[in-house]
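Structure, as structure tokens:
Note that ligands are numbered from 1 as they come in the structure, with each ligand's atoms numbered from 1 the same way. All figures in this text were calculated on a predicted structure; none of them were measured in a lab.
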Amino acid sequence: MMVKKKSEDTSCKDPAPQKKQTLVADSSKVTTSAQASPTCQKELMSPKCKVAIITGGATGIGFSTACHLLKNCARHVIITGIDSGEGESAVEQLEERYGDNKVTFVCGDVKNPAHFEGLFEMACEAFGGTDILFNNAGILQDKSWGNEVDVNVKGVIIGTLLAFKYMGKDKGGKGGLVINNASIAGLHPLPGAPVYCITKHAVIGATLNFGHKFHYQTTGVRVCAICPGSTSTDVTENVCENQLTPEWGKEAERQIFLKPAQSPDVVGKAVMYILRQARSGTIWVVHNNILKFVEIPNRHKISTFVKEFTAC
Ligand SMILES: NC(=O)C1=CN([C@@H]2O[C@H](COP(=O)(O)OP(=O)(O)OC[C@H]3O[C@@H](n4cnc5c(N)ncnc54)[C@H](O)[C@@H]3O)[C@@H](O)[C@H]2O)C=CC1
Ligand SMILES: CCCCC/C=C\C=C\C(=O)C/C=C\C/C=C\CCCC(=O)O
């Protein structure tokens with residue numbers, strides 16, 4: 001694993017004045033009687049002075065989230081990915097915008113537990129620990145679906161278990177936050193790219209399970225998920241060629257372009273909202289520039305009985 005940039009910086013400046021946000025939160029969806037409120041009145045976390053790891057952080061949504069964290073005075077962001085060139089370029093751009101010694105790129109693969117653990121070890125040695133893990137790396141390539149499952153699902157499981165190990169209060173850590181990047185395709189079928197869609201449903205499952213109060217009460221690590229709708233990044237390139245058949249590829253591509261893609265900047269803003277306010281185990285959609293809370297049906301309230309059915 002290759003470390004491209006390492007910081008000695010320990011300063012935490014006050015936030016610069018922020019531009020007015022354009023993200024629209026749909027407040028009608030942010031209260032529910034079926035679940036406890038998905039948000040907390042008091043701020044649960046501020047990005048200020050925090051140390052974050054972002055997988056797949058050199059490009060797209062991960063890069064945009066790094067920008068938002070640094071704009072909001074995070075102490076340091078460690079980005080990881082499999083392409084060193086993209087990593088170097090990301091560090092250069094982020095340093096130009098937010099100053100030196102704020103970002104480190106580490107070349108690594110989320111499927112590899114040793115690579116992943118190296119990030120947490122590095123954060124421990126250089127900064128005394130990690131506060132935030134954004135499990136963002138993902139691929140849309142049903143053509144090689146075994147690898148897709150490993151990156152999109154195994155990567156999230158490895159990352160979350162390591163976050164519990166390094167950040168968990170029960171393990172001597174400070175607690176913190178894991179945000180999983182699922183997709184709107186984690187809540188909805190995606191004709192043409194079924195395996196991708198299955199992996200993103202699994203990310204929702206991982207969030208509901210790891211984010212359950214049973215784990216949160218022990219670890220102090222919140223686990224939440226964001227489900228972006230179509231967003232203009234590299235993952236939308238070659239969608240057609242990367243699916244199991246050309247017809248499926250065409251259908252997947254058609255689905256993406258049903259609506260204009262939102263900017264990754266909007267997703268970065270939504271991640272900041274979740275960081276500050278979302279309770280553990282909650283799922284959030286950001287689609288067409290609107291942020292919505294997703295209400296998961298309570299199993300005790302699934303009540304449409306099939307009268308004709310008898311168990312014995
Ligand atoms: N672009 C979109 O419309 C949407 C994207 N998403 C999700 O957002 C996440 C980020 O994707 P985008 O920013 O859109 O695309 P992207 O292609 O810019 O970002 C993916 C990043 O993951 C990295 N990556 C790929 N395999 C990796 C591995 N094995 N280990 C470590 N890093 C690896 C890539 O190098 C890249 O930097 C993905 O999980 C994707 O499924 C979710 C909903 C919509
Ligand atoms: C349909 C998306 C195909 C894959 C496109 C590339 C990247 C997208 C990754 C996703 O995770 C899914 C993103 C978006 C979309 C799915 C449906 C859009 C629904 C449009 C609508 O009716 O509002």
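- Taking any N or O of Ser230, backbone or side chain, none lies under 3.5 Å from an N or O belonging to ligand 1.
- Residues Glu253 and Lys250 are not paired through a salt bridge, judged by the lack of any N-O separation under 4.0 Å between the basic side chain and the carboxylate.
- Near Thr233, the atoms of ligand 1 lying under 4.0 angstrom from a non-hydrogen atom of the residue are 1 (N), 12 (P), 13 (O), 14 (O), 15 (O).
- Taking 4.0 Å as the cut-off, Asn136 counts as a neighbour of ligand 1 on heavy-atom distance.
- At least one heavy atom of Gly108 sits under 4.0 Å from some atom of ligand 1.
- At least one heavy atom of Ala182 sits under 4.0 Å from some atom of ligand 1.
- The local environment of CD in Glu43 is crowded, with over 12 non-hydrogen atoms from other residues, nucleotides or ligands closer than 6.0 Å.
- The Glu86 neighbourhood of ligand 1 comprises atoms 35 (O), with distances under 4.0 Å to a heavy atom of that residue.
- Heavy-atom contacts of Gly138 reach the following atoms of ligand 1: 20 (C), 22 (O), 38 (C), 39 (O) (cutoff under 4.0 Å).
- Ligand 1 lies out of reach of Ala185, whose nearest heavy atom is not under 4.0 Å from it.
- Closest to atom 5 (C) of ligand 1 by heavy atom, among Ile61, Thr231, Val267, is Ile61.
- Side-chain contact check for Leu133 versus Leu177: every heavy-atom pair is 4.5 Å or farther apart.
- Taking a cut-off of under 4.0 Å to the non-hydrogen atoms of Gly60, the atoms of ligand 1 that pass are 13 (O), 18 (O).
- Atoms CZ and NZ, on Arg97 and Lys71 in that order, are 9.5 Å from each other to the nearest 0.5 Å.
- Each of the following atoms of ligand 1 lies closer than 4.0 Å to a heavy atom of Gly56: 21 (C), 22 (O), 23 (C), 37 (O).
- Asn147 and Lys111 share a side-chain donor-acceptor pair at under 3.5 Å.
- For the atom pair OH (Tyr196) and CD1 (Ile139), the distance works out to 10.0 Å, reported to the nearest 0.5 Å.
- Of the candidates Ser232, Ala137, Gly229, the one placing a heavy atom closest to atom 33 (C) of ligand 1 is Ala137.
- For the pair Asp109 and ligand 1, a heavy-atom separation below 4.0 Å is found.
- Ligand 1 has no nitrogen or oxygen under 3.5 angstrom from a nitrogen or oxygen of Asp83.
- Residue contacts with ligand 1 include Lys200, since one or more of its heavy atoms lies under 4.0 Å from the ligand.
- Checking only distances, Pro228 never comes within under 3.5 Å of ligand 1, N or O to N or O.
- Ligand 1 has at least one atom lying under 4.0 Å from a heavy atom of Tyr196.
- When ring centroids are compared, Phe210 and Phe164 come within the 6.0 Å threshold.
- A donor-acceptor pair shorter than 3.5 Å can be found between the side chains of Gln93 and Ser89.
- Of the charged side-chain nitrogens involved, none lies within less than 4.0 Å of a carboxylate oxygen, so that Lys143 and Glu241 do not count as a salt-bridged pair.
- Ligand-side atoms of ligand 1 in range of Thr59: 16 (P), 18 (O), 19 (O), 21 (C), 36 (C), 37 (O), range being under 4.0 angstrom from any heavy atom.
- Proximity of Asn242 to Leu140: side-chain heavy atoms (C-beta onward) are nowhere separated by under 4.5 Å.
- Remark: the Glu86 side chain and the Thr59 side chain contain no N/O donor-acceptor pair separated by less than 3.5 Å.
- For a threshold of 3.5 Å applied to N or O pairs, the pair formed by Thr80 and ligand 1 contains no separation below that value.
- A distance of 6.5 Å separates CD1 of Ile296 from CD1 of Ile204, quoted to the nearest 0.5 Å.
- Considering backbone and side-chain atoms alike, Ile139 places every N or O at 3.5 Å or more from each N or O of ligand 1.
- Between Ser183 and ligand 1, a contact under 3.5 Å exists for no N or O pair.
- Enclosure of atom NZ in Lys213 is not indicated, since only 12 or fewer non-hydrogen atoms of other residues, nucleotides or ligands lie within 6.0 angstrom.
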